[in-house]
Amino acid sequence: MKRAFITGITGQDGAYLSKFLLEKGYEVHGGVRRPASPETSCLEKLGVLDDVHLHQFDLGDSSNLFKTFGDNNFDEVYNLAAQSFVGASWDQPTYSADVNGIGVLRILDALRTVLPEARFYQASTSEMYGRVQSVPQNEETAFYPRSPYGVAKVYAHYITVNYRESFDMHASSGILFNHESPLRGKEFVTRKITSELARIAKGGSEPLLLGNLDAERDFGFAGDYVEGMWQMLQQETADDYVLATGVSTTIRDFVTYAGSALGLDLEWSGTGVTEKAVDRKSGNAIVKVSEEFFRPAEVDALVGDPSKAKATFGWKHTVDVKTLAEMMAKADFDALS
Ligand code: NAP
Ligand code: G4F
C-alpha cells in the first residue's frame, strides 16, 4: 500500500485528492495547522474524514516538517497548503511570501534531508502568468506575476525546479488554472457568486456585490485536476505540466450561467462601477459592482493550453464551465433547503 502525505488536506483540493487517493488504495495522511480543532468540513462533505490520518503541520515551522517526514516513510508528498486567496496577499504580503514561497523551500529541504526518495508535487498556479506574455499559456510561457501571491508562487515554482535539477529529486510542479467545486471557499469569486445567487433565489433581497466583471479565467472542476496531480507523480521523470480547460470565461458570464441554473434570467446594463444585472422576470436588481472588490493590480485574462499533460498521460477535463456553474449553484441552493 502506497502512503501519501497531503499538506493543505483540509482545503478544496486536499479533500478531493484524499478521496481520489483512498479510492486508489493509498494510505492517506495530511497536515493540519490546528490539531485540536481542525477545519474538516471539506473532508466531511466528501465522506473521507475518518479514513485519513491527520498530523500537526505548519509550513511556517521547519522543525515539524522534519519530524513529520523523518517519522513517516511517505512515497508521495503533495504540497497543496498555501495562503491561497490572491486578494488577501496584498494585506498579508510577508505572510504570503513566507508560507507560499519559503514554505516550499522548507518542505524541499526537509525531504532532501530525511526522505529523499519521496515524490513531490508543488501546487503552482496560472497566477504566475499574470500579465500574460502569450495566449494561450503553456509550460514555456514567461511568468509576469501581478500579486504578492503570484510572486511567491513563482519563487516556489523555481525552487522546485532547482531542487529537482540540483539533487535529482522527483519534484514536479502542476501549473493549474482556476478549478472550482461546491467545496470552494466563499471568498473566491465562483463560490461567492453561487452562494449569493442561491440566497437571492431563496428570496433574499440584497444584491450580490462584485468587483471586476471583465476578468477572464479558465475555470475547471477540482475533481478533474487532482487526478492530474497524481498522474504527474506516476511519470518516470519529474516535470512541469499545465492543467486547464482551454476555455476562458468572464466573471459576468459565470454569473449568467449560475443565475440561469437557479431560474434567474439576467439582463446586464451599464459599464464599470455602474454596471448591474436585473432579473427580467421579477425586475429585481441581482448584481451590482462595488469598488471594494477591485484589486490593486489585476490579472485580466487567463487561458491555458494543457496539450503537454494530454500527450504525456492523457489528462483532460470532463466538466465544462456551464456544467460547473450549475453544479455549484444547485449545491448551494440545496444546502439552503
Ligand atoms: P484552499 O482550499 O484555500 O486550501 C488551502 C489549504 O492550505 C488549507 O487546508 C489550509 O489550512 C492550508 N494552509 C494555509 N496556510 C497554511 C500553513 N501556514 N501551513 C499549513 N497549511 C496551511 O486552497 P485550494 O483551492 O485547495 O488550493 C490548493 C493549492 O493549489 C494552493 O496551494 C493554491 O495556492 C493552489 N492553486 C489553487 C488553484 C485553484 O483554482 N483552486 C489553482 C492553482 C493553484 P487551514 O484549514 O488551516 O486554513
Ligand atoms: O476567484 P478569485 O479570487 O481567484 P483568482 O484570483 O483567479 O485566484 C484563484 O485562482 C488561482 C489560479 O489562477 C489560484 F492560484 C489562486 O489560489 C485562487 O484559487 O478571482 C477571480 C477573478 C479575479 O480577476 C477577481 O478580480 O474574479 C475577479 N473578481 C471580481 N469580483 C472577484 C470579485 N474575485 C473575488 N474573489 N471576489 C469578488 O467579488
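Along the sequence shown, residues carry numbers from 1. Any value given below was found using the heavy atoms of this structure, including those in side chains, with hydrogens, waters and symmetry copies removed. Being a predicted model, the structure only gives us computed values, none of them experimental. In each ligand, atom 1 is the first atom listed, and ligand 1 is the first ligand listed.
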Colleague: Just to check, does S124 reach to within less than 4.0 Å of ligand 1 when the distance is taken from its heavy atoms?
Modeller: yes
Colleague: Heavy-atom distances under 4.0 Å decide this one: backbone, side chain, both or neither, for K153 against ligand 1?
Modeller: side chain
Colleague: Quick test of your reading of the structure: of S126, S84, G11, whose heavy atom lies closest to atom 13 (O) of ligand 2?
Modeller: S126
Colleague: On a heavy-atom basis, I'd like to know which of Y149, F219, F254 is closest to atom 16 (C) of ligand 2.
Modeller: Y149
Colleague: May I ask you to identify the nearest protein heavy atom to atom 31 (C) of ligand 1, giving residue, atom name and distance to one decimal place in Å?
Modeller: L80 O, 3.1 Å
Colleague: I'd like to know whether ligand 2 has M128 as a neighbour, heavy-atom separation below 4.0 Å.
Modeller: no
Colleague: Quick one: nearest non-hydrogen protein atom to atom 34 (N) of ligand 2, plus distance?
Modeller: V189 CB, 3.5 Å
Colleague: Quick test of your reading of the structure: of R33, R34, M128, whose heavy atom lies closest to atom 17 (C) of ligand 1?
Modeller: R33
Colleague: Give the residue and atom name of whichever protein heavy atom lies nearest to atom 25 (O) of ligand 1, and the separation in Å to one decimal.
Modeller: R184 NH1, 3.4 Å
Colleague: Between the side chains of S124 and S173, does any donor sit under 3.5 Å from an acceptor?
Modeller: yes
Colleague: F85 versus ligand 2: do any nitrogen or oxygen atoms come within less than 3.5 Å of each other?
Modeller: no
Colleague: So which bit of F85 gets within less than 4.0 Å of ligand 1, heavy atoms only: side chain, backbone, both or neither?
Modeller: neither
Colleague: Would you say R184 has any N or O atom under 3.5 Å from an N or O of ligand 2, going by distance alone?
Modeller: yes
Colleague: Run the numbers for me: atoms of ligand 2, each under 4.0 Å from some heavy atom of A215, listed by number.
Modeller: 24 (O)
Colleague: Does R252 pair with E275 as a salt bridge, N-O distance under 4.0 Å?
Modeller: yes
